[in-house]
> 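After the C-alpha coordinates below, expect a handful of questions from me.
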Amino acid sequence: MCFSYSVNLQGKTIPTDLNISSANNSHQLGFFFNGFDHPNLPIISKIGETEIAQWGIIPKWIKSNHEAVEISNKTLNARIESIENKPSFSEAWKNNPCLILASGFFEWQHRNNNKNPFYIFPKNNEVLLFGGIFSDWFDPINSKWMRSYSIITKEANSLMAEIHNTKKRMPLIIPHHLAKEWMLGDYKQRFLLSKENSENYLTAHEVDPRLNSPKNNRNEAWAIQKYIPPQTTLF
DNA sequence: CCAGACGTTGTT
DNA sequence: GTCTGG
DNA sequence: CCAGACGTTGTT
DNA sequence: GTCTGG
(Lines give C-alpha, C1' and ligand atoms only; values in the text may rest on other atoms or scores of the structure.)
Protein backbone atom coordinates (compact mmCIF):
# COMPACT_ATOMS: atom_id res chain seq x y z
CA MET A 1 0.00 0.00 0.00
CA CYS A 2 0.96 3.61 -0.24
CA PHE A 3 -0.99 6.06 1.89
CA SER A 4 1.55 8.86 2.26
CA TYR A 5 4.30 10.37 0.16
CA SER A 6 6.42 13.47 -0.27
CA VAL A 7 6.57 15.93 -3.15
CA ASN A 8 9.78 17.96 -3.34
CA LEU A 9 10.37 18.44 -7.03
CA GLN A 10 12.76 21.37 -7.24
CA GLY A 11 15.93 20.45 -9.06
CA LYS A 12 14.71 16.94 -9.88
CA THR A 13 14.93 15.64 -13.43
CA ILE A 14 11.83 14.64 -15.40
CA PRO A 15 12.06 12.30 -18.42
CA THR A 16 12.75 14.51 -21.44
CA ASP A 17 10.44 12.53 -23.73
CA LEU A 18 7.48 13.62 -21.59
CA ASN A 19 8.13 17.11 -22.95
CA ILE A 20 7.77 18.85 -19.60
CA SER A 21 10.07 21.81 -19.08
CA SER A 22 10.59 21.45 -15.33
CA ALA A 23 8.98 20.35 -12.13
CA ASN A 24 6.72 23.35 -11.81
CA ASN A 25 7.31 25.36 -8.66
CA SER A 26 3.70 26.51 -8.62
CA HIS A 27 2.63 23.02 -7.63
CA GLN A 28 1.92 22.24 -4.05
CA LEU A 29 5.08 20.87 -2.51
CA GLY A 30 5.64 19.24 0.82
CA PHE A 31 7.35 16.58 2.90
CA PHE A 32 4.38 14.47 3.98
CA PHE A 33 0.97 14.17 2.39
CA ASN A 34 -1.62 11.88 3.96
CA GLY A 35 -3.94 10.20 1.46
CA PHE A 36 -6.92 10.31 3.81
CA ASP A 37 -6.77 14.11 3.64
CA HIS A 38 -7.27 13.82 -0.14
CA PRO A 39 -4.63 16.41 -1.04
CA ASN A 40 -4.42 17.98 -4.49
CA LEU A 41 -1.05 17.00 -5.94
CA PRO A 42 0.73 17.11 -9.29
CA ILE A 43 0.21 14.39 -11.89
CA ILE A 44 0.83 13.95 -15.60
CA SER A 45 -2.31 12.82 -17.41
CA LYS A 46 -1.17 14.07 -20.81
CA ILE A 47 2.32 14.30 -22.27
CA GLY A 48 3.57 17.86 -22.21
CA GLU A 49 1.96 19.14 -19.04
CA THR A 50 1.56 18.63 -15.34
CA GLU A 51 -1.60 19.45 -13.42
CA ILE A 52 -3.15 19.12 -9.98
CA ALA A 53 -5.59 16.33 -9.12
CA GLN A 54 -7.15 14.95 -5.96
CA TRP A 55 -5.80 11.74 -4.42
CA GLY A 56 -8.51 9.03 -4.24
CA ILE A 57 -10.21 8.27 -7.55
CA ILE A 58 -13.96 8.99 -7.87
CA PRO A 59 -15.59 6.94 -10.66
CA LYS A 60 -17.98 8.67 -13.05
CA TRP A 61 -21.06 6.80 -11.84
CA ILE A 62 -20.85 8.18 -8.29
CA LYS A 63 -23.99 10.27 -7.72
CA SER A 64 -23.49 12.34 -4.60
CA ASN A 65 -20.73 14.19 -2.79
CA HIS A 66 -21.30 11.94 0.20
CA GLU A 67 -20.69 8.83 -1.91
CA ALA A 68 -17.67 10.55 -3.45
CA VAL A 69 -16.03 10.99 -0.04
CA GLU A 70 -16.79 7.39 0.92
CA ILE A 71 -15.37 5.88 -2.24
CA SER A 72 -12.31 8.11 -2.34
CA ASN A 73 -11.29 6.84 1.10
CA LYS A 74 -11.07 3.39 -0.45
CA THR A 75 -9.43 4.23 -3.76
CA LEU A 76 -6.12 5.75 -2.71
CA ASN A 77 -4.54 2.60 -4.14
CA ALA A 78 -5.56 0.16 -6.86
CA ARG A 79 -4.12 -3.35 -6.88
CA ILE A 80 -2.63 -4.21 -10.27
CA GLU A 81 -3.73 -7.84 -9.85
CA SER A 82 -7.43 -6.93 -9.93
CA ILE A 83 -7.57 -3.42 -11.41
CA GLU A 84 -9.05 -4.60 -14.71
CA ASN A 85 -12.14 -6.14 -13.10
CA LYS A 86 -13.00 -3.62 -10.38
CA PRO A 87 -15.95 -1.36 -11.23
CA SER A 88 -14.20 1.60 -9.61
CA PHE A 89 -11.06 1.21 -11.72
CA SER A 90 -11.71 -0.65 -14.96
CA GLU A 91 -12.65 2.28 -17.16
CA ALA A 92 -9.80 4.48 -15.94
CA TRP A 93 -7.39 1.57 -16.24
CA LYS A 94 -8.27 1.08 -19.91
CA ASN A 95 -8.37 4.73 -20.94
CA ASN A 96 -6.78 7.04 -18.37
CA PRO A 97 -3.22 6.22 -17.32
CA CYS A 98 -1.29 8.87 -15.44
CA LEU A 99 2.02 9.40 -13.69
CA ILE A 100 2.13 10.78 -10.16
CA LEU A 101 5.08 13.05 -9.34
CA ALA A 102 6.77 12.36 -6.01
CA SER A 103 10.13 12.52 -4.31
CA GLY A 104 9.68 9.56 -1.97
CA PHE A 105 7.09 7.63 0.03
CA PHE A 106 6.54 6.18 3.50
CA GLU A 107 5.97 2.69 4.86
CA TRP A 108 5.94 1.26 8.37
CA GLN A 109 8.03 -1.65 9.56
CA HIS A 110 6.55 -3.75 12.36
CA ARG A 111 9.35 -4.53 14.80
CA ASN A 112 9.20 -5.49 18.48
CA ASN A 113 5.51 -4.72 18.60
CA ASN A 114 6.15 -1.21 17.31
CA LYS A 115 5.47 0.50 14.02
CA ASN A 116 8.56 2.21 12.67
CA PRO A 117 8.28 4.59 9.74
CA PHE A 118 10.70 4.48 6.80
CA TYR A 119 11.24 6.89 3.94
CA ILE A 120 11.88 5.27 0.53
CA PHE A 121 13.31 7.28 -2.37
CA PRO A 122 15.32 6.97 -5.62
CA LYS A 123 19.10 6.53 -5.26
CA ASN A 124 19.68 9.25 -7.84
CA ASN A 125 18.11 12.70 -7.88
CA GLU A 126 15.25 11.82 -10.21
CA VAL A 127 11.59 12.60 -9.73
CA LEU A 128 9.86 9.45 -8.54
CA LEU A 129 7.01 8.46 -10.88
CA PHE A 130 4.17 6.31 -9.60
CA GLY A 131 2.03 4.54 -12.18
CA GLY A 132 -1.62 5.48 -11.70
CA ILE A 133 -5.02 6.09 -13.20
CA PHE A 134 -7.28 9.16 -13.18
CA SER A 135 -10.93 9.98 -13.62
CA ASP A 136 -13.08 13.08 -14.10
CA TRP A 137 -16.20 13.45 -11.96
CA PHE A 138 -18.86 16.14 -12.04
CA ASP A 139 -19.25 17.61 -8.57
CA PRO A 140 -22.96 18.49 -8.30
CA ILE A 141 -22.55 20.85 -5.34
CA ASN A 142 -19.88 23.03 -6.88
CA SER A 143 -21.14 22.40 -10.44
CA LYS A 144 -17.74 21.63 -11.81
CA TRP A 145 -15.63 18.76 -13.03
CA MET A 146 -12.84 17.53 -10.82
CA ARG A 147 -10.00 15.15 -11.60
CA SER A 148 -8.90 12.45 -9.15
CA TYR A 149 -6.36 9.63 -9.20
CA SER A 150 -5.26 6.32 -7.65
CA ILE A 151 -1.75 4.99 -7.17
CA ILE A 152 -1.38 1.44 -8.50
CA THR A 153 0.20 -1.06 -6.10
CA LYS A 154 1.94 -4.38 -6.63
CA GLU A 155 3.69 -7.07 -4.66
CA ALA A 156 6.69 -5.78 -2.70
CA ASN A 157 10.21 -6.29 -4.04
CA SER A 158 12.81 -7.59 -1.57
CA LEU A 159 13.75 -4.14 -0.22
CA MET A 160 10.11 -3.25 0.31
CA ALA A 161 9.20 -6.61 1.79
CA GLU A 162 11.75 -5.97 4.57
CA ILE A 163 10.22 -2.60 5.35
CA HIS A 164 6.56 -3.15 4.71
CA ASN A 165 6.81 -6.53 6.37
CA THR A 166 3.14 -7.08 7.14
CA LYS A 167 1.28 -6.46 3.90
CA LYS A 168 4.28 -6.68 1.57
CA ARG A 169 2.96 -4.25 -1.00
CA MET A 170 4.53 -1.26 -2.75
CA PRO A 171 3.53 1.44 -5.23
CA LEU A 172 4.09 0.78 -8.91
CA ILE A 173 7.17 2.77 -9.91
CA ILE A 174 7.67 3.66 -13.56
CA PRO A 175 11.34 4.00 -14.59
CA HIS A 176 12.00 7.19 -16.57
CA HIS A 177 12.88 5.33 -19.77
CA LEU A 178 9.42 3.68 -19.75
CA ALA A 179 7.38 6.75 -18.78
CA LYS A 180 6.37 7.65 -22.30
CA GLU A 181 5.37 4.09 -23.10
CA TRP A 182 3.25 4.05 -19.91
CA MET A 183 1.37 7.11 -21.11
CA LEU A 184 0.95 6.08 -24.76
CA GLY A 185 0.61 2.29 -24.69
CA ASP A 186 -2.63 0.39 -24.31
CA TYR A 187 -3.58 -1.29 -21.05
CA LYS A 188 -2.04 -4.59 -22.08
CA GLN A 189 1.31 -2.90 -22.59
CA ARG A 190 0.89 -1.13 -19.25
CA PHE A 191 0.22 -4.43 -17.55
CA LEU A 192 3.54 -5.71 -18.90
CA LEU A 193 5.31 -2.55 -17.69
CA SER A 194 3.93 -3.15 -14.22
CA LYS A 195 6.16 -6.21 -13.96
CA GLU A 196 9.28 -4.05 -14.18
CA ASN A 197 11.46 -4.50 -11.12
CA SER A 198 12.63 -1.35 -9.33
CA GLU A 199 14.94 -3.29 -7.03
CA ASN A 200 18.14 -1.35 -7.69
CA TYR A 201 16.45 1.98 -8.15
CA LEU A 202 15.30 2.65 -4.59
CA THR A 203 16.93 3.10 -1.22
CA ALA A 204 15.45 3.76 2.22
CA HIS A 205 16.17 4.93 5.73
CA GLU A 206 14.29 4.92 8.99
CA VAL A 207 12.57 8.18 9.93
CA ASP A 208 11.27 9.82 13.10
CA PRO A 209 8.52 7.89 14.93
CA ARG A 210 6.76 11.20 15.48
CA LEU A 211 5.32 10.38 12.05
CA ASN A 212 3.09 7.85 13.81
CA SER A 213 0.84 10.54 15.22
CA PRO A 214 -1.39 12.64 13.00
CA LYS A 215 -1.43 15.19 15.82
CA ASN A 216 2.10 16.22 14.86
CA ASN A 217 2.56 18.50 11.89
CA ARG A 218 4.31 15.98 9.71
CA ASN A 219 4.68 18.21 6.68
CA GLU A 220 8.12 19.40 7.77
CA ALA A 221 11.71 18.56 6.83
CA TRP A 222 12.26 16.21 9.80
CA ALA A 223 9.72 13.83 8.28
CA ILE A 224 12.18 12.58 5.68
CA GLN A 225 15.45 12.89 7.62
CA LYS A 226 17.33 9.78 8.68
CA TYR A 227 16.54 8.70 12.23
CA ILE A 228 18.69 6.44 14.41
CA PRO A 229 16.50 4.48 16.80
CA PRO A 230 17.75 4.19 20.40
CA GLN A 231 19.76 1.02 20.98
CA THR A 232 17.38 -1.71 22.02
CA THR A 233 18.42 -3.49 25.18
CA LEU A 234 18.77 -7.21 24.80
CA PHE A 235 17.30 -8.15 28.17
C1' DC B 1 -33.15 -11.67 -10.90
C1' DC B 2 -32.56 -7.84 -7.83
C1' DA B 3 -30.45 -5.31 -4.15
C1' DG B 4 -26.46 -3.53 -2.88
C1' DA B 5 -21.69 -2.79 -3.44
C1' DC B 6 -18.25 -0.71 -5.92
C1' DG B 7 -11.82 -0.79 -1.91
C1' DT B 8 -7.43 -0.95 0.45
C1' DT B 9 -5.16 -2.47 4.30
C1' DG B 10 -3.46 3.24 8.54
C1' DT B 11 -0.94 6.07 12.08
C1' DT B 12 -8.25 6.16 12.31
C1' DG C 1 -22.17 1.76 -15.18
C1' DT C 2 -20.98 -3.06 -13.76
C1' DC C 3 -20.14 -6.69 -10.60
C1' DT C 4 -21.30 -9.55 -6.52
C1' DG C 5 -24.00 -11.93 -3.05
C1' DG C 6 -27.95 -14.11 -1.80
C1' DC D 1 -24.35 -17.68 -8.97
C1' DC D 2 -25.95 -21.27 -5.90
C1' DA D 3 -29.19 -23.59 -2.94
C1' DG D 4 -33.28 -25.62 -3.04
C1' DA D 5 -37.42 -26.90 -5.20
C1' DC D 6 -39.48 -29.63 -8.50
C1' DG D 7 -47.44 -29.52 -7.30
C1' DT D 8 -52.35 -29.23 -7.30
C1' DT D 9 -56.29 -27.32 -5.51
C1' DG D 10 -60.30 -33.35 -2.09
C1' DT D 11 -64.32 -35.76 -0.05
C1' DT D 12 -58.36 -36.72 4.16
C1' DG E 1 -31.96 -31.91 -15.37
C1' DT E 2 -34.03 -27.28 -14.98
C1' DC E 3 -36.36 -23.55 -12.81
C1' DT E 4 -36.87 -20.23 -8.97
C1' DG E 5 -35.76 -17.31 -5.06
C1' DG E 6 -32.69 -14.70 -2.80
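Every chain is numbered from 1, with letters handed out A, B, ... down the list of sequences.
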> Rounded to the nearest angstrom, tell me the gap between atom CH2 in A/W55 and atom C1' in B/dT8.
12 Å
> Let's test this: given Watson-Crick or G-U wobble pairing with both distances under 3.5 Å, identify the partner of C/dC3.
B/dG4
> Does A/I71 reach a base, just sugar-phosphate, or nothing at all? Heavy atoms under 4.0 Å.
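Sugar-phosphate contact only.
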> Could you go step by step and tell me if A/K188 and A/D186 meet the salt bridge (Lys or Arg N to Asp or Glu O under 4.0 Å) rule?
CA-CA 5 Å; A/K188 289 178 183 173; A/D186 68 13; over 6 Å; no
> If I take atom CG in residue A/N73 and atom P in nucleotide B/dA5, what distance separates them, rounded to the nearest angstrom?
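The distance from CG of A/N73 to P of B/dA5 comes to 16 Å, rounded to the nearest Å.
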> Between C/dG5 and D/dA3, how many Å separate the two P atoms, rounded to a whole number?
13 Å
> Run A/Y5 and A/W55 through ring-ring contact (aromatic ring centres under 6.0 Å, His included) and show every step you take.
CA-CA 11 Å; A/Y5 65 94; A/W55 190 3; 4.9 Å; yes
> Could you tell me whether the side chains of A/H38 and A/N73 share a donor-acceptor contact shorter than 3.5 Å?
yes
> A/I58 has an atom CD1; how far is it from atom C1' of C/dG1, in whole Å?
16 Å
> To the closest 0.5 Å, what do you measure between CD1 (A/I152) and CD1 (A/I173)?
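These two atoms lie 12.5 Å from each other.
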> Which atoms of nucleotides 2-6 of chain C (N or O only) lie under 3.5 Å from a protein N or O atom, and what are those distances?
none

> B/dG7 P sits how many Å from A/E91 CD, rounded?
14 Å
> Grab the CD-C1' distance between A/E70 and B/dC6 for me, whole Å please.
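Checked: the CD to C1' distance equals 12 Å.
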> Do we see a donor-acceptor contact under 3.5 Å between the side chains of A/S103 and A/S6?
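There is such a pair between these side chains.
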> Kindly give the atom pairs (protein nitrogen or oxygen, nucleotide nitrogen or oxygen) under 3.5 Å for nucleotides 9-12 of chain B.
from   : atom 1 : to     : atom 2 : distance (Å)
B/dT9  : OP1    : A/M1   : N      : 3.2
B/dT9  : OP2    : A/R79  : NH1    : 2.7
B/dG10 : N2     : A/N34  : ND2    : 3.4
B/dT11 : O4'    : A/N212 : O      : 3.3
B/dT11 : O2     : A/R218 : NH1    : 2.9
B/dT11 : N3     : A/R218 : NH1    : 3.2
B/dT11 : O4     : A/S4   : OG     : 3.4

> How far, in whole Å, is B/dT8 from B/dT12 if one measures between their C1' atoms?
14 Å
> In this structure, how many angstroms lie between the P atom of B/dA5 and the NE2 atom of A/H66, rounded?
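Result: 11 Å.
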> Between B/dC1 and E/dG6, how far apart are the two P atoms, rounded to whole Å?
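14 Å, rounded to whole Å.
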> Can you tell me how far P of B/dC6 sits from CZ of A/F89, to the nearest Å?
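In whole Å, B/dC6 P lies 11 Å from A/F89 CZ.
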> Go through it in stages, so that I can follow the logic: the residues are A/E81 and A/R169, the test is salt bridge (Lys or Arg N to Asp or Glu O under 4.0 Å), and I'd like the CA-CA distance, side-chain angles, deciding distance and then a yes or no.
CA-CA 12 Å; A/E81 296 91 337; A/R169 303 289 299 174; 2.7 Å; yes
> Using distance alone, with no hydrogens and no angle criterion, decide if A/R147 and A/S135 have a side-chain donor and acceptor under 3.5 Å apart.
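The answer is no; no qualifying pair exists.
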> Hey, are A/Q225 and A/Y119 close enough side-chain-wise for a donor-acceptor pair under 3.5 Å?
no
> Measure the acute angle between the ring planes of A/F106 and A/F32, then classify it against the limits of 30° and 60° as parallel, tilted or perpendicular.
tilted
> Could you work out the separation of D/dG4 and C/dT4 based on their P atoms and round it to a whole Å?
22 Å
> Whole angstroms only, please: what is the CD1-P distance between A/I62 and B/dA5?
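Those two atoms, CD1 and P, are 12 Å apart.
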